[in-house]
Colleague: 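Input: one structure, supplied below.
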Amino acid sequence: MYSGFNLKINAERDCGPDSINFLDPGYIKTGETHLGDVSGKVNQELENMVLKGTDIPDGVAIQNDWFPEINADIFISHSHSDRDLANGIAGWINQKFGLRCFIDSNVWGHADKLLKTVNDEHSDRHTGEHGENVYSYRLCNEAANHVNAMLTIALQKMIDRCECILFLNTNQSILPYEKPEDDATYSPWIYSEIVCTQLIRHKELKEYRKEIFHEDQRALFEVSEGFHPAYSVSLDHLMPLDIGNLMKWEQSYRKATSKKHYPLDYLYQQFPVRD
């Protein structure tokens, strides 16, 4: 991670005709599909590891198969409820700047589907008195611990791998906490991603631009019924970003005749980023 932004956005207010319509179906479709060549999916290799493999499956191999690392410029952290907005922003960025945006649900197999695959095979599935599937509570907890650990590590590796982090701060992802100036989230995944952006190593641009320096050139366990505590979070380490900054980014990039700078540099120029 080189730089992180806190994009405060209200889709109903900010996506009108006088700004950028991120909910345009064309942008959303582009956001969903522009990384389609690396989309994670259940395949024969995963089936062999989980269903037909040895008594001790290779957890790292499963993680790499289900949550593969990919090359992307921007990691978009968002609430599952804002998936269309996230995809619209990713599509707009891809169409305007040619940058690749990582949205986990577009690329990786869903963790709950992987968890069901594991539970069906390894958690003592049997038929209940009403014909429903019943599993061992203990074994399901063990399986969930493994799958959640795989996903957490995969998310952290992708945040480290991407040059820029864009957090979508909406009323779906962040809510007021005990004090009006405090923020909180009900999503353990958003909480994990925000804390990760505080702790992850900050790398120089050259770490992300190795090739470019020689050439011209992201529902996972959202809040539902049941146990869902609120997590107090700090967004102070992320630079504030709004729709006006994004419009200025597009304008400055469009006006640049030579395009000699990397597209993200035209965004960074608006902020006092570190050397």
Side-chain angles (χ1 to χ4, degrees), residues 4-42 67-68 70-113 155 158-159 162-175 185-187 189-190 193 217-224 240-256 259 262-264 266-267 270:
F5 294 94
N6 173 22
L7 175 57
K8 230 174 185 179
I9 188 167
N10 182 311
E12 294 182 1
R13 181 192 64 211
D14 296 330
C15 295
D18 296 328
S19 56
I20 306 171
N21 184 13
F22 292 125
L23 297 180
D24 180 286
Y27 288 149
I28 294 175
K29 184 66 174 177
T30 299
E32 290 175 338
T33 60
H34 77 287
L35 293 180
D37 57 320
V38 292
S39 181
K41 58 185 177 181
V42 180
F67 308 119
I70 65 165
N71 292 319
D73 301 284
I74 300 173
F75 181 105
I76 298 183
S77 176
H78 68 292
S79 164
H80 180 71
S81 300
D82 292 323
R83 188 169 185 268
D84 281 349
L85 176 62
N87 276 312
I89 292 173
W92 176 79
I93 290 174
N94 182 253
Q95 288 190 22
K96 299 298 183 180
F97 307 99
L99 298 171
R100 292 157 63 89
C101 298
F102 177 84
I103 295 176
D104 53 7
S105 58
N106 291 345
V107 178
W108 292 339
H110 285 283
D112 54 354
K113 190 171 182 180
L155 286 170
M158 277 305 305
I159 289 173
C162 290
E163 175 181 322
C164 179
I165 310 302
L166 192 63
F167 172 65
L168 300 194
N169 185 341
T170 73
N171 57 10
Q172 302 290 340
S173 59
I174 293 294
L175 67 158
T185 181
Y186 282 125
S187 168
W189 299 113
I190 289 177
E193 290 168 7
Q217 324 238 91
R218 294 159 342 51
L220 293 180
F221 303 110
E222 284 293 316
V223 176
S224 58
L241 191 71
D242 59 27
I243 194 76
N245 297 124
L246 297 181
M247 295 173 70
K248 187 182 293 185
W249 180 23
E250 179 188 4
Q251 292 168 2
S252 61
Y253 182 70
R254 188 176 65 245
K255 290 178 181 178
K259 299 290 192 299
Y262 196 65
L264 277 169
Y266 295 88
L267 175 63
Q270 299 181 49

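Values in this document were obtained by computation on a predicted structure and should not be read as measured data.
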Colleague: Closest approach of I93 and C101, non-hydrogen atoms and distance?
Modeller: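 The pair with the smallest heavy-atom distance is CG2-SG, 3.7 Å.
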Colleague: Between side-chain atoms of residues 84-92 and protein atoms elsewhere (two or more places apart, or another chain), which donor-acceptor pairs fall under 3.5 Å?
Modeller:
residue : atom : partner : partner atom : Å
N87     : OD1  : N106    : ND2          : 2.5
N87     : ND2  : R83     : O            : 3.2

Colleague: Side chains of I74 and F5: does their closest heavy-atom pair fall under 4.5 Å?
Modeller: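 No, too far: nothing below the 4.5 Å cut-off.
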Colleague: Which residue pairs pass the salt bridge (Lys or Arg N to Asp or Glu O under 4.0 Å) test with at least one member in residues 8-29, sequence neighbours excluded?
Modeller: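 Pairs touching residues 8-29 that pass the test: none.
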Colleague: Can any side-chain N or O of N94 pair as donor or acceptor with the backbone N or O of R100 at less than 3.5 Å?
Modeller: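 No.
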Colleague: Shortest non-hydrogen contact from S19 to I243?
Modeller: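 Shortest heavy-atom contact: CB-CG1, 3.9 Å.
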Colleague: Pair Y262, E163 - check side chain to side chain contact (heavy atoms under 4.5 Å, CB included), show working.
Modeller: CA-CA 12 Å; Y262 196 65; E163 175 181 322; 4.1 Å; yes
Colleague: With rounding to the nearest 0.5 angstrom, report the CG to NE2 distance, L99 to H34.
Modeller: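 Between L99 CG and H34 NE2, I get 8.5 Å after rounding to 0.5 Å.
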Colleague: So W249 and F97, do their side chains get closer than 4.5 Å, heavy atoms only?
Modeller: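 Heavy-atom side-chain distance check passes, below 4.5 Å.
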Colleague: To the nearest 0.5 angstrom, please state how far the CG atom of L246 sits from the CD atom of Q270.
Modeller: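 L246 atom CG to Q270 atom CD measures 8.0 Å (nearest 0.5 Å).
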Colleague: To the nearest 0.5 angstrom, please state how far the OG atom of S77 sits from the CG atom of L166.
Modeller: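 Spacing of OG (S77) from CG (L166) equals 9.0 Å.
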Colleague: If we ignore hydrogens and angles and just use 3.5 Å, is the side chain of S173 paired with the main-chain N or O of H78 as donor and acceptor?
Modeller: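 A pair under 3.5 Å: no.
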Colleague: Quick one: CG on N10 to OG1 on T170, what's the gap to the nearest 0.5 Å?
Modeller: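 With rounding to 0.5 Å, CG (N10) is 8.5 Å from OG1 (T170).
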Colleague: Do I9 and F22 come within less than 4.5 Å of each other through their side chains, counting heavy atoms only?
Modeller: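 Counting from C-beta outward, I9 and F22 do come under 4.5 Å.
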Colleague: Quick one, I190 and S79 - any side-chain contact, counting heavy atoms below 4.5 Å?
Modeller: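 With C-beta onward as the side chain, the pair touches.
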Colleague: Taking only residues two or more places apart in sequence, or in another chain, which ones meet Q95 in a side-chain hydrogen bond (donor to acceptor under 3.5 Å, both in side chains)?
Modeller: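 Applying side-chain hydrogen bond (donor to acceptor under 3.5 Å, both in side chains) to Q95 gives T30.
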Colleague: Measure the spacing between SG of C164 and CG of L264 and express it to the nearest 0.5 Å.
Modeller: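 Answer for the SG-CG pair, C164 versus L264, is 5.5 Å.
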Colleague: Is there a side-chain contact between L241 and L267, using heavy atoms and a 4.5 Å cut-off?
Modeller: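 Side chain of L241 against side chain of L267, heavy atoms only: contact under 4.5 Å found.
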Colleague: Which residues pass the salt bridge (Lys or Arg N to Asp or Glu O under 4.0 Å) test with E250, not counting sequence neighbours?
Modeller: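 Residues passing salt bridge (Lys or Arg N to Asp or Glu O under 4.0 Å) with E250: K96, R254.
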Colleague: I need the L35 CG to N71 CG distance, nearest 0.5 Å.
Modeller: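 Reported to 0.5 Å precision, the distance equals 10.0 Å.
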Colleague: Please name all residues satisfying side chain to side chain contact (heavy atoms under 4.5 Å, CB included) with D242, sequence neighbours left out, ordered by chain then number.
Modeller: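 By the side chain to side chain contact (heavy atoms under 4.5 Å, CB included) rule, D242 matches N245.
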Colleague: List for me each residue that meets ring-ring contact (aromatic ring centres under 6.0 Å, His included) alongside F167, sequence neighbours excluded, and say none if there are none.
Modeller: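 For F167, no residue satisfies ring-ring contact (aromatic ring centres under 6.0 Å, His included) once neighbours in sequence are set aside.
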